[in-house]
Asks: 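Questions regarding the structure given below will be posed in turn.
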Amino acid sequence: MLDPGEGSLAELITHLMEYVVLALEVVIAIFIIVIVSRTLFDLFKKYVTGFGKKQVLQQQQLYNSQIVTRMLRGLLYSLDFLIAVDILKTIMTPSQSELLYFLAIVVIRILLSWAMSKELEKSDPVNYNTD
């Protein structure tokens, strides 16, 4: 038989984990908003200041690839942390429907991560070349 103190401790830990998960989700959402905002700002700045200047096409492409690479890396980190948050959620409520939901979300996020990492390899082949 469980001691009443153990039950309340388990409830306290469950509530604490719910707040931790919520806090992590908020931090990740803010991180994503900052990444996207900075990317949009950089692109806007490039096109506003670049209209009067004739830059070499290669320099423009390099700058664009740097902007995209920075954004993709940030989104990849965000997806990794979101998978960790989903793992915490599933640990807290391990029902069969929750596990199926978790599995679907993780598969989608892993596919997104894979696609973004392939895009990073194309945009920045020097850092990803394993030869």
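Quick caveat: nothing in here was measured; it's all calculated off a predicted structure.
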Asks: Quick one: closest heavy-atom pair of Phe102 and Ile83, and the distance?
Replies: CE1-O, 4.4 Å
Asks: Are Val68 and Leu112 connected into the same hydrophobic cluster when the rule is that any two of I, L, V, M, F, W, Y join if their side-chain heavy atoms are below 4.5 Å apart?
Replies: yes
Asks: What's the separation between atom CD in Glu18 and atom CG in Leu22, rounded to the nearest 0.5 Å?
Replies: 9.5 Å
Asks: Can you tell me how far the CG atom of Leu75 sits from the CD1 atom of Ile28, to the nearest 0.5 Å?
Replies: 12.0 Å
Asks: Hydrophobic clustering (ILVMFWY, side-chain heavy atoms < 4.5 Å, transitive) - are Leu40 and Ile35 grouped together?
Replies: yes
Asks: Does the side chain of Met116 come within less than 4.5 Å of Met71's, by heavy atoms?
Replies: no
Asks: Should side-chain heavy atoms under 4.5 Å link Ile, Leu, Val, Met, Phe, Trp and Tyr, which residues sit in the same cluster as Leu111?
Replies: Leu103, Val107
Asks: Sequence neighbours left out, what passes side chain to side chain donor-acceptor pair (under 3.5 Å) with Gln66? Give chain and number order.
Replies: none
Asks: Can you list the residues that meet the side-chain contact (heavy atoms from CB on, under 4.5 Å) rule with Ile105, with sequence neighbours excluded?
Replies: Asp86, Tyr101, Arg109
Asks: Given the rule that I, L, V, M, F, W and Y join up when any side-chain heavy atoms are under 4.5 Å apart, are Phe81 and Trp114 in one cluster?
Replies: no
Asks: Report yes if some heavy atom in the side chain of Ile13 is under 4.5 Å from a heavy atom in the side chain of Met17; otherwise report no.
Replies: yes
Asks: Taking all non-hydrogen atoms of both residues into account, name the closest pair between Ser113 and Leu79 and its distance.
Replies: OG-CD1, 3.6 Å
Asks: Which ILVMFWY residues can you reach from Phe41 by hopping between side chains whose heavy atoms are under 4.5 Å apart?
Replies: none
Asks: Hydrophobic cluster membership, with links at side-chain heavy-atom distances under 4.5 Å among I/L/V/M/F/W/Y: are Leu88 and Leu99 in one?
Replies: no
Asks: Do Phe31 and Val20 share a hydrophobic cluster (ILVMFWY, side-chain heavy atoms under 4.5 Å, transitive)?
Replies: yes
Asks: With rounding to the nearest 0.5 angstrom, report the OG to CD1 distance, Ser78 to Ile33.
Replies: 10.5 Å
Asks: State which residues pass side-chain contact (heavy atoms from CB on, under 4.5 Å) with Ile30; sequence neighbours excluded, sorted by chain then number.
Replies: Val26, Val34
Asks: So, taking the atom named CG in Leu82 and the one named CD1 in Ile87, what distance separates them when rounded to the nearest 0.5 Å?
Replies: 11.5 Å
Asks: I'd like to check the side chain to side chain donor-acceptor pair (under 3.5 Å) partners of Asp42; sequence neighbours left out, ordered by chain and number.
Replies: Arg70
